[in-house]
Protein chains: 2
Amino acid sequence: MVKLLHDHTAEDCVELVPIFDNLSKDEKNTIATLVTHHHYKTGEYLFSAGDTSDSLIIVAHGQAKVFQMATSGKEQMLRILQTGDFDGEAALFTNSDHNSFAQALMKTDVCQISRGDFQRLMQKTPEMAVNMVNALGKRIAQLEQQTTEVTTASVESRLANYLLETSAGLNQEVFKLPLKKKDIATYLGTTPETISRKLTSLTKQGMIEKISNNEFKILDADRLMMID
Amino acid sequence: MVKLLHDHTAEDCVELVPIFDNLSKDEKNTIATLVTHHHYKTGEYLFSAGDTSDSLIIVAHGQAKVFQMATSGKEQMLRILQTGDFDGEAALFTNSDHNSFAQALMKTDVCQISRGDFQRLMQKTPEMAVNMVNALGKRIAQLEQQTTEVTTASVESRLANYLLETSAGLNQEVFKLPLKKKDIATYLGTTPETISRKLTSLTKQGMIEKISNNEFKILDADRLMMID
DNA sequence: CGGATTGTTGACTCGAGTCAAAAACGGTGG
DNA sequence: CCACCGTTTTTGACTCGAGTCAACAATCCG
């Protein structure tokens with residue numbers, strides 16, 4: 001049973017992750033044999049800044065946040081790893097340490113491939129290397145967007161965008177915030193207090209409705225988009 | 001003569017750019033035939049947001065800034081392309097438009113490879129795809145750093161870091177700022193006025209010395225590093 | 001049911017943005 | 001080399017968004 005579960009997870013990784021798309025069955029099977037998997041409970045760290053980074057990490061199931069820590073101790077969240085996402089830098093450079101942290105936000109299954117295996121894989125399977133380049137390109141575009149927004153838009157505007165994106169992503173009118181407000185704050189580069197205030201403010205202005213503690217409904221998407 | 005100059009530039013690109021490192025002479029020659037080149041004067045745009053993006057751009061000589069424009073009209077600089085740097089997103093996705101601008105800061109020579117050619121190149125030359133993955137990985141790390149700094153550190157601290165990096169990069173005690181202060185401002189996510197004030201303040205505190213209008217000398221690197 | 005973590009609200013502060021005007025700079029052509 | 005014009009930089013006065021600190025309320029979870 002344990003064995004079965006293990007195999008299941010390894011294949012999941014290969015099936016789930018876009019970078020392994022359009023590879024042949026054979027190739028996918030080969031990859032599955034190179035993969036090891038780990039399970040993390042809520043709050044556990046997948047890696048920490050300073051750790052030696054020697055493998056690519058793929059989220060097979062669950063959710064984890066990746067963040068950096070400023071010298072001041074303030075966190076900046078860089079991204080949320082969802083099912084199918086991977087963390088890249090790790091596997092790319094020789095002799096480099098992580099400069100960020102990854103922490104599980106729920107029970108999370110993770111697959112790893114060592115740098116060596118992964119580099120060999122890219123050499124042997126150009127298809128996959130191209131997929132990888134594409135995935136990294138998207139990540140760069142997303143990061144550029146984040147950088148620009150964080151410096152040019154007000155917190156209210158960033159929060160409004162975040163709500164719109166979250167709602168669109170979940171594709172339902174009434175949606176539950178997938179993160180604690182504390183985490184939303186570090187994602188948007190602000191503080192929990194400010195998030196709390198802005199949510200109240202948006203509610204009072206009739207753009208959103210608070211359904212429960214962490215469930216909201218978008219009432220006026222147009223106006224939300226125009227903030228700032 | 002014009003012809004010679006042309007060929008020279010095409011080969012320059014292939015020689016200069018890290019992503020073409022450790023390829024064979026043959027492969028480099030092939031690449032050189034795929035490349036077209038362009039020249040831009042100071043202030044000209046290499047591309048603008050909304051342009052169709054269908055080629056990879058490599059800077060053979062010169063300097064250009066890449067920036068996004070917020071709805072408010074405020075610029076956020078994303079990076080400076082130096083000799084040997086390339087702008088990636090362009091070549092990676094089908095049917096995507098640029099969401100940023102690139103503007104020459106001096107006379108600048110640029111080489112281009114079309115998306116199709118570049119994708120084929122990666123398929124044929126896994127070496128190169130791996131190089132590309134590495135280059136993108138570094139860019140991601142740099143962007144993550146920029147995002148974190150911009151949200152967690154004060155302008156004074158960001159400016160201090162910028163001065164230290166610039167001085168280190170140029171490797172000389174007295175160094176000339178390679179950007180106009182206006183541009184430094186959009187790079188650091190602030191305004192020219194604030195840059196001006198902070199430079200004065202750092203000078204008064206004895207950490208730097210103003211040599212001429214845009215030349216400075218680092219007097220106390222340790223203290224600069226500790227700001228914030 | 002506690003105890004701990006998370007969220008809310010109020011009062012206060014301050015860094016940095018804005019606007020405006022003057023000064024300095026840099027390139028151009030005579 | 002100098003006078004001129006446009007751009008860039010500096011300086012001052014003012015404003016305000018959002019951070020901080022602190023106390024309290026609500027949730028979550030074992």
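The sequence lines fix the lettering, A, B, ..., with proteins before strands; numbering per chain opens at 1.
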- [ ] For DNA chain D, find the residues of residues 173-190 of chain B with a heavy-atom distance under 4.0 Å and give them by number; none if there aren't any.
- [x] Lys180(B), Lys181(B), Lys182(B)
TODO: For Ser53(A), check side-chain contact (heavy atoms from CB on, under 4.5 Å) against everything at least two apart and list the hits.
DONE: Ala90(A), Ser96(A), His98(A)
- [ ] Examine distances only and state if a side-chain atom of Ser48(B) and a backbone atom of Asp51(B) form a donor-acceptor pair shorter than 3.5 Å.
- [x] no
Task: NZ/NE/NH1/NH2 to OD/OE distance under 4.0 Å, Lys198(B) and Glu156(B) - done: yes
Open item on the list: Please report the distance, rounded to the nearest Å, between CG in Leu105(A) and C1' in dT6(C).
Closed with: 15 Å
Open item on the list: Five pairs per end, C1' atoms only: what is the angle between the end axes of the helix from dC1(C)-dG30(D) to dG30(C)-dC1(D), to 10 degrees?
Closed with: 60°
Tabulated below should be each protein N or O lying under 3.5 Å from an N or O of nucleotides 26-30 of chain D; please produce it.
none

Task: Closest listed nucleotide, where the reference is the side chain of Glu193(B) and the choices are dG17(C), dG19(D), dT18(C) - done: dT18(C)
- [ ] Verify, without hydrogens or angle tests, whether Arg158(A) (side chain) and Ala153(A) (backbone) share a donor-acceptor contact under 3.5 angstrom.
- [x] yes
Open item on the list: Pairing donors with acceptors under 3.5 angstrom, does anything connect the side chains of Thr147(B) and Thr147(A)?
Closed with: yes
Open item on the list: How close do Met77(B) and Gln146(B) get, counting heavy atoms only, and between which atoms?
Closed with: O-NE2, 3.3 Å
TODO: Please determine, by modelled atom types, if Thr200(A) and Thr203(A) share a side-chain donor-acceptor pair under 3.5 angstrom.
DONE: no
Open item on the list: Check Arg139(B) with Glu144(A), please: is the shortest side-chain N to carboxylate O separation under 4.0 Å?
Closed with: yes
TODO: Mind calculating the distance between CD (Glu215(B)) and C1' (dT9(D)) to the nearest angstrom?
DONE: 17 Å
- [ ] Could you check how far NZ of Lys74(B) sits from P of dC19(C), rounded to whole Å?
- [x] 12 Å
Task: Those residues of residues 154-163 of chain A lying under 4.0 Å from DNA chain D by at least one heavy atom - done: Ser154(A), Val155(A)
Task: Flag for Gln205(A)-Ser201(A): side-chain donor and acceptor within less than 3.5 Å - done: yes
Task: Neighbours of DNA chain C within residues 197-212 of chain B, by heavy-atom distance under 4.0 Å - done: Arg197(B), Lys198(B)
Task: Any donor-acceptor N or O pair under 3.5 Å, side chains Thr191(B), Thr194(B) - done: yes
Open item on the list: Can you give me the closest heavy-atom contact between Gly137(B) and Glu89(A), atom names plus distance?
Closed with: O-CG, 4.2 Å
Task: Ionic contact status for Glu75(A) with Lys65(A), cut-off 4.0 Å - done: yes
- [ ] May I ask you to verify if any side-chain N or O of Ser196(A) is less than 4.0 angstrom from the OP1 or OP2 atom of dG7(C)?
- [x] no
Task: Check: Gln68(A)/Thr148(B) side-chain N/O donor and acceptor closer than 3.5 Å - done: yes
- [ ] Round to the nearest Å and state the distance from Ile227(A) atom CD1 to dA18(D) atom C1'.
- [x] 16 Å
TODO: Send over the distance from Ile195(B) CD1 to dA16(C) C1', rounded to a whole Å.
DONE: 11 Å
Task: Heavy-atom pair with the smallest gap, counting every atom of Ala49(B) and Asn99(B) - done: CB-C, 3.9 Å
TODO: Ignoring hydrogens and angles, tell me if any N or O in the side chain of Thr108(B) forms a donor-acceptor pair with the backbone of Met106(B) under 3.5 Å.
DONE: yes
- [ ] Using modelled atom types only, decide if a donor and an acceptor are shared between the side chain of Asp85(A) and the backbone of Gln82(A) within a distance under 3.5 Å.
- [x] yes
